[in-house]
Number of protein chains: 2
Amino acid sequence: VISGVQVVGLDGDDTLWHSEGRYHQAQQRFSEIVARHGEVADLDQRLLAVEQRNLGLFGYGVKGFTLSMIETAIEVTNGGIEAAEVKALIDLGRGMLEEPVVLVDGAAAAVKRLAAAGYRLLLLTKGDLFDQEYRIAQSGLAPHFWQVEVVSEKDPATYRRVLGRLGVVAAEFLMCGNSMRSDVLPVLEIGAAAVHVPYHLTWSHEVAGPPPPGARFAEIAALSDLPALLQ
Amino acid sequence: VISGVQVVGLDGDDTLWHSEGRYHQAQQRFSEIVARHGEVADLDQRLLAVEQRNLGLFGYGVKGFTLSMIETAIEVTNGGIEAAEVKALIDLGRGMLEEPVVLVDGAAAAVKRLAAAGYRLLLLTKGDLFDQEYRIAQSGLAPHFWQVEVVSEKDPATYRRVLGRLGVVAAEFLMCGNSMRSDVLPVLEIGAAAVHVPYHLTWSHEVAGPPPPGARFAEIAALSDLPALLQ
């Protein structure tokens with residue numbers, strides 16, 4: 001049990017709704033397209049390297065991912081990739097943005113129980129502003145949230161800034177999400193509590209070590225376990 | 001003189017800092033690259049059409065613009081565009097994101113005078129979250145602002161949502177920016193005041209008709225004229 005919590009932050013992608021699956025599927029199609037020009041043994045690593053190189057300029061999200069796929073395809077095929085294939089990669093990105101929002105099992109019920117229990121809920125997501133707003137709207141969960149924030153990075157400075165602006169002190173804040181790197185470690189660093197709810201797919205960039213011992217931290221199997229943890 | 005104003009909203013791109021110039025330059029380079037495959041008489045219109053078609057999925061900003069340039073190049077060259085040229089288009093987008101922030105003449109002084117005069121300042125920009133945050137940070141103006149908001153669209157609903165969340169009533173709000181479509185018309189529609197400060201370049205998408213007669217509206221030649229207009 002984690003006590004003293006008044007404001008509960010929830011992550012969006014792969015916490016409230018499925019998202020990584022669309023990246024995963026797009027990456028498989030990407031591999032198929034690139035493979036026509038010859039096998040690239042370390043294609044996933046090459047793509048990840050380009051994504052990480054671009055992160056400081058593009059930020060997170062589908063549009064940057066699409067540009068990184070195109071750039072990687074050009075690199076690994078030594079310019080052999082054709083215009084029609086580049087078009088197919090852009091269409092992959094478009095398909096990701098158009099993909100309907102599917103909630104994670106039990107997420108809606110957990111959100112409603114937390115709201116009914118009197119917690120102020122903060123939806124805190126990162127990625128393309130436009131894509132995230134679409135997902136938030138489509139999720140149907142926005143009315144249960146006290147505040148909604150889309151941020152470009154989830155680091156300690158971001159959490160301090162968002163909480164400061166909302167007048168929330170770290171001691172009464174708990175963040176829950178699927179990314180150890182984004183939803184847990186920086187939150188513990190500012191002295192708030194964090195709950196990790198693993199998702200079956202994790203982007204390599206979001207993988208991070210366990211929290212330090214003694215932190216106000218818990219891991220749960222599903223979001224439906226969160227209300228009981230707080231009471 | 002516009003009276004009763006307590007909160008002044010200021011647009012970022014082409015109001016506080018130069019931005020359209022980087023799109024303009026990129027578009028010229030884009031034309032040169034495409035022209036290698038044959039002259040396209042209505043290239044600007046073709047690009048604009050693709051941008052507008054993609055707006056509902058990509059939203060505003062450099063990354064969506066870059067994807068639209070690539071898509072247009074593939075279309076107008078009937079797939080003749082080469083991988084190295086696609087790479088050059090991605091690099092154009094990267095160059096736009098890396099371009100240093102240059103403030104519009106007199107913008108910094110106007111912001112400081114408004115802040116010193118006791119107005120609460122709201123920086124309200126639209127575009128890529130990551131790019132806008134970079135520009136805001138680089139501008140050095142953030143400390144003078146009461147609040148900073150990056151939004152995906154500037155329509156009446158957005159203005160109502162942002163003001164509602166900040167507890168600002170429309171009657172005491174004034175928005176100032178270079179876009180009639182984004183900074184003026186929707187603001188007048190919600191009953192607030194708006195000031196248009198034209199920029200020498202305007203993206204076709206942002207062009208819009210004049211405000212209705214009788215609106216709390218003014219046009220000024222430069223941001224430096226704003227403080228006097230309010231006192």
Side-chain angles (χ1 to χ4, degrees), chain A residues 37 50 53-75 77-91 93-98 125-134 136-137 146-153 158 161 165-166, chain B residues 37 50 53-75 77-91 93-98 125-134 136-137 146-153 158 161 165-166:
Chain A
H37 298 268
V50 173
R53 190 175 74 201
N54 286 335
L55 216 46
L57 266 186
F58 293 167
Y60 298 94
V62 172
K63 286 178 290 183
F65 173 71
T66 306
L67 288 166
S68 291
M69 277 198 299
I70 297 171
E71 199 169 337
T72 306
I74 294 171
E75 270 183 31
T77 64
N78 295 311
I81 194 91
E82 289 161 26
E85 293 167 327
V86 172
K87 175 72 165 64
L89 296 179
I90 296 178
D91 287 340
R94 206 192 314 274
M96 291 173 72
L97 293 170
E98 283 173 339
T125 72
K126 77 169 191 236
D128 279 327
L129 185 58
F130 206 74
D131 181 38
Q132 289 296 323
E133 288 184 353
Y134 170 81
I136 292 163
W146 167 57
Q147 296 285 340
V148 177
E149 292 272 353
V150 181
V151 296
S152 63
E153 182 61 275
T158 301
R161 178 172 53 78
R165 166 156 136 164
L166 298 174
Chain B
H37 298 268
V50 173
R53 190 174 76 202
N54 285 334
L55 216 47
L57 266 186
F58 293 167
Y60 298 94
V62 172
K63 286 177 290 182
F65 173 71
T66 306
L67 288 167
S68 291
M69 277 198 298
I70 297 171
E71 200 169 337
T72 307
I74 295 171
E75 271 183 30
T77 64
N78 295 310
I81 195 91
E82 288 161 25
E85 293 167 327
V86 172
K87 175 71 165 64
L89 295 179
I90 296 177
D91 287 339
R94 206 192 314 274
M96 291 173 72
L97 293 170
E98 282 172 339
T125 72
K126 78 170 192 237
D128 279 327
L129 185 58
F130 206 75
D131 181 37
Q132 288 296 321
E133 288 184 352
Y134 171 80
I136 292 163
W146 169 54
Q147 296 285 340
V148 177
E149 292 272 354
V150 181
V151 295
S152 63
E153 182 59 278
T158 301
R161 178 172 53 77
R165 164 156 138 165
L166 298 175

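Here is how names work: the chains are called A, B, and so on, in the same order as the sequence lines, proteins then strands, and each is numbered from 1. Reckoned from all heavy atoms, side chains included, excluding hydrogens, waters and symmetry mates.
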On a heavy-atom basis, which atom in B/L129 and which in A/G127 lie closest, and how many Å separate them?
CD2-O, 4.2 Å

To the nearest 0.5 angstrom, please state how far the CG atom of A/L57 sits from the CE atom of B/M96.
12.0 Å

Proximal component of A/L97, with respect to chain B [non-hydrogen, under 4.5 Å]
both

Can you tell me which portion of A/Y60 sits under 4.5 Å from chain B's heavy atoms? Options are side chain, backbone, both or neither.
backbone

Residue part contacting chain B, namely of A/V150, when any heavy atom lies under 4.5 Å
both

Counting only non-hydrogen atoms closer than 4.5 Å, does A/L55 touch chain B with its backbone (N, CA, C, O), its side chain (CB onward), both, or neither?
backbone

Closest non-hydrogen atom pair, B/A83 against A/G79:
CB-O, 3.3 Å

To the nearest 0.5 Å, what is the distance between CD (A/E149) and CZ (B/R165)?
4.5 Å

To the nearest 0.5 angstrom, please state how far the CD1 atom of B/I70 sits from the CD1 atom of A/I90.
5.0 Å

Who wins among B/K87, B/R94, B/E98 for the most heavy-atom pairs under 4.5 Å with chain A?
B/R94

Return the OG1 to CD distance between A/T158 and B/E133, rounded to the nearest 0.5 Å.
7.5 Å

Non-hydrogen atoms of chain B under 4.5 Å away: do they reach the side chain of A/Q147, the backbone, both or neither?
side chain

So for A/N54, is it side chain, backbone, both, or neither that comes closer than 4.5 Å to the heavy atoms of chain B?
side chain

In short, A/F130 meets B/S152 closest at the heavy-atom pair CD1-CB, 3.6 Å

